[in-house]
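Heads up, the thing below is written out as structure tokens.
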Amino acid sequence: MFVVAAQVVAFLASMVPVEAMLLRLTALSLLDLLLAFFIVHYHKDPALYNFFKVKEPAMRVPQVYLLSLVLAIASLFYFLMAAEVMLYYVDENFFNGGYPFFHSISSPVLLGCAIMFDLAIWSMLLNPNNWKFLRKIDQRFDL
């Protein structure tokens, strides 16, 4: 539910004109942080289980921390891109006519984050007891 709502808001944020690039990047950064917060703090909320009429799983789900980590990385990247836009607005010659670094690598990094996010969602089908790295996450955060 959180992910679908965030995807709709991200789509709406992508409709913001290019002239408001700083607003778009800041909104996407805050959206990713907010989504990570909701996923970590409300993934075990009984109200969600009652709303969707499902039984609370007996097993722990350490993959939510992987999801939040990927979202935090994407949020940081959006923030760095917004900082470059701010530097450009302060001084148009700051980049000496070149392309800003974070904007130049934004496509592969954000695509990688999207793929990692999708893989983390699909990894929720895995049993944490059978995978060593999921057991480490489970022990680290003392779920």
Side-chain angles (χ1 to χ4, degrees), residues 1-49 51-52 54 56-143:
M1 185 170 106
F2 297 137
V3 174
V4 170
Q7 294 298 325
V8 169
V9 173
F11 174 73
L12 294 175
S14 70
M15 303 302 272
V16 174
V18 175
E19 291 81 22
M21 182 67 76
L22 184 61
L23 175 66
R24 177 193 299 181
L25 294 172
T26 306
L28 289 173
S29 177
L30 291 175
L31 176 70
D32 283 347
L33 281 181
L34 187 65
L35 182 60
F37 175 80
F38 282 147
I39 287 174
V40 168
H41 290 287
Y42 296 112
H43 74 280
K44 300 280 277 180
D45 189 31
L48 284 176
Y49 293 121
F51 180 74
F52 289 106
V54 294
E56 185 174 342
M59 297 179 351
R60 297 177 182 151
V61 185
Q63 290 91 334
V64 295
Y65 295 102
L66 293 173
L67 286 168
S68 65
L69 178 65
V70 170
L71 287 170
I73 290 169
S75 175
L76 175 65
F77 196 78
Y78 281 127
F79 177 77
L80 292 172
M81 287 173 57
E84 285 182 341
V85 171
M86 286 178 30
L87 288 173
Y88 178 77
Y89 284 147
V90 169
D91 181 16
E92 291 183 10
N93 296 324
F94 185 80
F95 298 108
N96 295 328
Y99 209 63
F101 175 72
F102 293 110
H103 279 78
S104 66
I105 63 170
S106 65
S107 292
V109 170
L110 294 175
L111 179 65
C113 285
I115 290 171
M116 293 301 293
F117 186 79
D118 291 343
L119 287 175
I121 288 176
W122 278 101
S123 74
M124 287 186 179
L125 298 173
L126 302 175
N127 183 352
N129 297 325
N130 297 335
W131 295 86
K132 186 177 180 180
F133 76 96
L134 292 177
R135 277 195 306 264
K136 286 183 181 179
I137 294 170
D138 193 19
Q139 293 166 356
R140 165 122 172 125
F141 289 102
D142 193 30
L143 300 172

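The figures that follow rest on heavy atoms only: side chains count, while hydrogens, waters and symmetry mates do not. If you read the sequence from its start, that first residue is 1, and numbering goes on from there.
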Quiz: residues 73-87 side-chain donor-acceptor pairs under 3.5 angstrom, not counting sequence neighbours:
unit_1	atom_1	unit_2	atom_2	d
Ser75	OG	Ser29	O	2.8
Ser75	OG	Ser29	OG	3.0
Glu84	OE1	Phe102	N	3.4
Glu84	OE1	His103	N	3.2
Glu84	OE1	His103	ND1	2.7
Glu84	OE2	Phe101	N	3.2
Glu84	OE2	Phe102	N	2.8

With rounding to the nearest 0.5 Å, note down the distance linking [atom1] in [X] to [atom2] in [Y].
X     : Y      : atom1 : atom2 : value
Leu30 : Leu35  : CG    : CG    : 12.5 Å
Tyr88 : Asn93  : OH    : CG    : 8.5 Å
Leu66 : Met116 : CG    : CE    : 7.5 Å

Legend entry - Flag side-chain contact, heavy atom, 4.5 Å: Leu33 against Leu71: no

Legend entry - With Ser106 via side chain to side chain donor-acceptor pair (under 3.5 Å) - residues at least two apart: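 Ser106 satisfies side chain to side chain donor-acceptor pair (under 3.5 Å) with no other residue.
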
Report the residues that fulfil side-chain contact (heavy atoms from CB on, under 4.5 Å) with [X], sequence neighbours left out, ordered by chain and then residue number.
X      : answer
Leu34  : Phe38
Ile115 : Leu111, Leu119
Tyr49  : Lys44, Val54, Glu56, Pro57

Legend entry - Smallest separation among heavy atoms of Val70 and Cys113, with atom names: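 Residues Val70 and Cys113, closest heavy atoms: CG1-O, 3.3 Å.
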
Legend entry - Residues which pass ring-ring contact (aromatic ring centres under 6.0 Å, His included) with Phe94, listed by chain and number, not counting sequence neighbours: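 Testing Phe94 for ring-ring contact (aromatic ring centres under 6.0 Å, His included), a comparison that skips the adjacent residues, returns none.
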
Legend entry - Exam field: side chain His43 to backbone Ile39, donor-acceptor pair closer than 3.5 Å: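 It does hold such a pair.
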
Inset, instruction - Output yes when a side-chain donor or acceptor of Asn96 lies under 3.5 Å from a complementary backbone atom of Gly98, and no otherwise. - result: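 Not at all, since once roles are kept as given, no pair shorter than 3.5 Å links the two residues.
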
